[in-house]
Asker: 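Handing you this structure, nothing more for now.
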There are 2 protein chains.
Amino acid sequence: MTETDPTQIKGFDRARQAASRALTEDYVEMISDLAAEFGEARITDLAARLGVAHPTATKAVARLKREGLAISRPYRGVFLTEKGEALAETVRARHRVVVALLCAVGVPKEVAELDAEGIEHHVSSRTLAAFEAYLTRKTD
Amino acid sequence: MTETDPTQIKGFDRARQAASRALTEDYVEMISDLAAEFGEARITDLAARLGVAHPTATKAVARLKREGLAISRPYRGVFLTEKGEALAETVRARHRVVVALLCAVGVPKEVAELDAEGIEHHVSSRTLAAFEAYLTRKTD
DNA sequence: CGCGAAATGTAGCCTCGGCTATAAATTTGG
DNA sequence: CCAAATTTATAGCCGAGGCTACATTTCGCG
């Protein structure tokens, strides 16, 4: 029998958990963006921006509501709760840092934006802190 | 109607595609590692290292076989095809670069290993090239 | 105002990647 | 060499997150 390496398993588990959080984070961020732009987030716009069919967005919003991140009434826009807004701000901030770090090490801006969309969900708080410290050092 | 931003959609699509590739890449890399260690990859060891139940590993291996990345006979070990080995090497190399870059910007080694497991699947070839260039610059 | 267009909701289906439980084959040790 | 332990396979379930098709509600405009 192979001696089970807990560190390695932990890495895969974390990656899987991050994958399941990614959708939530994307939707919350997008709802926040749309609210800032138009005053409310509509299902159709959410679906369009995320590149999915509307029923998919409807289901996702239902999940956000279950998790206490958003509220909505039938045939009306979607709004974030305080908890949802807080998460949105966290996600947005992390996104900015990841993009900035990628650019700082020489990744072209558009590529950085594209890759950050996937990478950001896997950046732990400790790695994020290291990124921020690096950017601060480099700026000074 | 919101003006659809193609760049943003592309980012989300890429992230979703990367998520579906991630499992394949993890399994292929792990099979390669086990083959190097023990001469063959057994379903039980694969499952243990990835932290899943064995039927889950069996299903995943079936998929790899469908995709021409691995071969196996009932009750025998799993082996990579040439295509599978090539993918494994690519994945392994990318993993090393990602870990090295994280370390280079100040992420502690153990954290880098954990986060890399999730991040690596979202690093495009252009970003990878930028990482390599940065590491080379820094080393010189 | 009322009607057609647009937006939202609902139903139902698919695939994937987990799981448990159970069966079959293989390996191992006495 | 046979029985027990281990390993692998299979069946069947679940939830997530896609989709299409169709029903319903709201909105905008003539």
Side-chain angles (χ1 to χ4, degrees), chain A residues 1-4 9-10 12-28 30-31 34 38-67 69-79 117-118 121, chain B residues 1-4 9-10 12-28 30-31 34 38-67 69-79 117-118 121:
Chain A
M1 184 47 166
T2 306
E3 73 292 342
T4 298
I9 292 182
K10 201 174 161 200
F12 290 122
D13 274 349
R14 280 179 36 135
R16 277 195 288 273
Q17 286 166 17
S20 79
R21 263 198 324 268
L23 259 289
T24 296
E25 295 180 350
D26 286 343
Y27 274 92
V28 164
M30 192 59 74
I31 292 169
L34 289 168
F38 305 109
E40 68 171 5
R42 293 154 69 244
I43 290 284
T44 297
D45 292 338
L46 265 177
R49 292 230 182 162
L50 291 162
V52 299
H54 19 342
T56 302
T58 302
K59 270 194 192 176
V61 168
R63 188 161 55 76
L64 296 184
K65 289 169 75 173
R66 273 202 309 274
E67 293 168 2
L69 295 167
I71 52 174
S72 75
R73 303 202 326 279
Y75 294 98
R76 288 286 173 257
V78 182
F79 299 91
E117 208 65 69
H121 304 292
Chain B
M1 183 46 165
T2 306
E3 72 295 342
T4 298
I9 292 181
K10 201 172 160 202
F12 289 121
D13 274 350
R14 279 178 38 134
R16 277 196 288 272
Q17 287 166 17
S20 79
R21 263 200 322 269
L23 258 288
T24 296
E25 293 180 352
D26 286 343
Y27 273 93
V28 163
M30 193 58 74
I31 291 169
L34 288 169
F38 305 110
E40 69 171 4
R42 293 153 68 246
I43 290 285
T44 297
D45 292 339
L46 264 177
R49 293 230 182 162
L50 290 163
V52 298
H54 14 2
T56 302
T58 302
K59 272 192 189 177
V61 168
R63 188 162 53 76
L64 296 185
K65 289 168 75 173
R66 273 202 308 274
E67 294 169 0
L69 295 167
I71 52 173
S72 76
R73 302 201 326 277
Y75 295 97
R76 287 291 173 254
V78 182
F79 299 90
E117 208 65 70
H121 304 292

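Owing to the predicted nature of the structure, the values given are computational and were not obtained by experimental measurement. Throughout, protein chains are lettered first and strands after them, A, B, ... in sequence-line order, and every chain is numbered starting at 1.
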Asker: Do nucleotides 19-26 of chain D as a string where each nucleotide becomes B, S or -: B if the base has a protein heavy atom under 4.0 Å, S if just the sugar-phosphate does, - if no protein is that close.
Answerer: BBB--BSS
Asker: By side chain to side chain donor-acceptor pair (under 3.5 Å), which residues pair with B:Arg21, not counting sequence neighbours?
Answerer: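 Side chain to side chain donor-acceptor pair (under 3.5 Å) check on B:Arg21 returns nothing, list empty.
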Asker: For the pair made of CZ in B:Phe38 and P in D:dT7, what is the distance, rounded to whole Å?
Answerer: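 Answer to the nearest Å: 12 Å.
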Asker: Grab the two heavy atoms, one from A:Arg49 and one from A:Phe38, that are nearest each other, plus how far apart they are.
Answerer: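 Looking at all heavy atoms of both residues, the closest pair is NH2-CE1, 4.0 Å.
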Asker: Take the protein atom CZ of A:Arg49 and the nucleotide atom P of C:dA7, then report the distance between them rounded to whole Å.
Answerer: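 One finds 14 Å between P of C:dA7 and CZ of A:Arg49, rounded.
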Asker: In whole angstrom, give the distance that lies between atom CD1 of A:Ile43 and atom C1' of D:dG18.
Answerer: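 After rounding, the reported distance stands at 15 Å.
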Asker: Output all residues satisfying side chain to side chain donor-acceptor pair (under 3.5 Å) with A:Glu67, sequence neighbours left out; order by chain, then residue number.
Answerer: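 Result, side chain to side chain donor-acceptor pair (under 3.5 Å) vs A:Glu67: A:Arg63.
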Asker: Taking side chain to side chain contact (heavy atoms under 4.5 Å, CB included) as the definition, give me every residue that meets it alongside B:Phe79, ordered by chain and number, with sequence neighbours left out.
Answerer: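 Result, side chain to side chain contact (heavy atoms under 4.5 Å, CB included) vs B:Phe79: B:Glu40, B:Ile71.
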Asker: In whole Å, what is the span from the CG atom of A:Leu64 to the P atom of D:dG17?
Answerer: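 Result: 10 Å.
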Asker: Which nucleotide wins on minimum distance to the side chain of A:Thr44, given the candidates C:dT8, C:dG17, D:dG17?
Answerer: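 So the nucleotide nearest the side chain must be C:dT8.
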Asker: Could you give the CG-to-C1' distance, from B:Asp26 to C:dC16, as a whole number of Å?
Answerer: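 To the nearest whole Å, that distance equals 15 Å.
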Asker: Run the side chain to side chain donor-acceptor pair (under 3.5 Å) test against B:Thr58 and tell me which residues pass, sequence neighbours left out.
Answerer: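 Side chain to side chain donor-acceptor pair (under 3.5 Å) check on B:Thr58 returns nothing, list empty.
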Asker: The criterion is side chain to side chain contact (heavy atoms under 4.5 Å, CB included); which residues satisfy it with B:Ala62, sequence neighbours excluded?
Answerer: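 In terms of side chain to side chain contact (heavy atoms under 4.5 Å, CB included), with neighbours along the sequence ignored, B:Ala62 is linked to no residue.
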Asker: Between atom CD in B:Gln17 and atom P in D:dG18, what is the gap in whole Å?
Answerer: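 Result: 12 Å.
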Asker: Can you tell me the distance, in whole Å, between the CZ atom of A:Arg21 and the P atom of D:dA16?
Answerer: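 Whole-Å distance recorded here is 16 Å.
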Asker: For B:Ser72 and A:Ala60, find the nucleotide of DNA chain D closest to each by heavy atoms; which residue's nucleotide sits nearer the 5' end?
Answerer: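 Residue closer to the 5' terminus by nearest nucleotide: B:Ser72.
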Asker: Based on the rotation axes of five pairs at each end, what angle does the helix from C:dC1-D:dG30 to C:dG30-D:dC1 bend through, to 10°?
Answerer: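 One end axis against the other gives 10°.
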Asker: Would you indicate, yes or no, if C:dC16 has its OP1 or OP2 atom less than 4.0 angstrom from a side-chain nitrogen or oxygen of B:Arg63?
Answerer: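 For B:Arg63, the contact criterion (side-chain N or O under 4.0 Å from OP1 or OP2 of C:dC16) is not met.
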Asker: What's the separation between atom OH in B:Tyr75 and atom CD1 in B:Ile43, rounded to the nearest 0.5 Å?
Answerer: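 The OH atom of B:Tyr75 sits 11.5 Å away from the CD1 atom of B:Ile43.
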Asker: Quickly work out the A:Asp45 CG to D:dC27 P distance and round it to whole Å.
Answerer: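 In whole Å, D:dC27 P lies 14 Å from A:Asp45 CG.
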Asker: If the condition is side chain to side chain contact (heavy atoms under 4.5 Å, CB included), which residues does A:Ala47 pass it with, not counting sequence neighbours?
Answerer: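 Per chain and number, A:Ala47 pairs via side chain to side chain contact (heavy atoms under 4.5 Å, CB included) with A:Val52, A:His54, A:Ala57.
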Asker: Under the side chain to side chain donor-acceptor pair (under 3.5 Å) test, which residues partner B:Lys59, sequence neighbours left out?
Answerer: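 Per chain and number, B:Lys59 pairs via side chain to side chain donor-acceptor pair (under 3.5 Å) with no residue.
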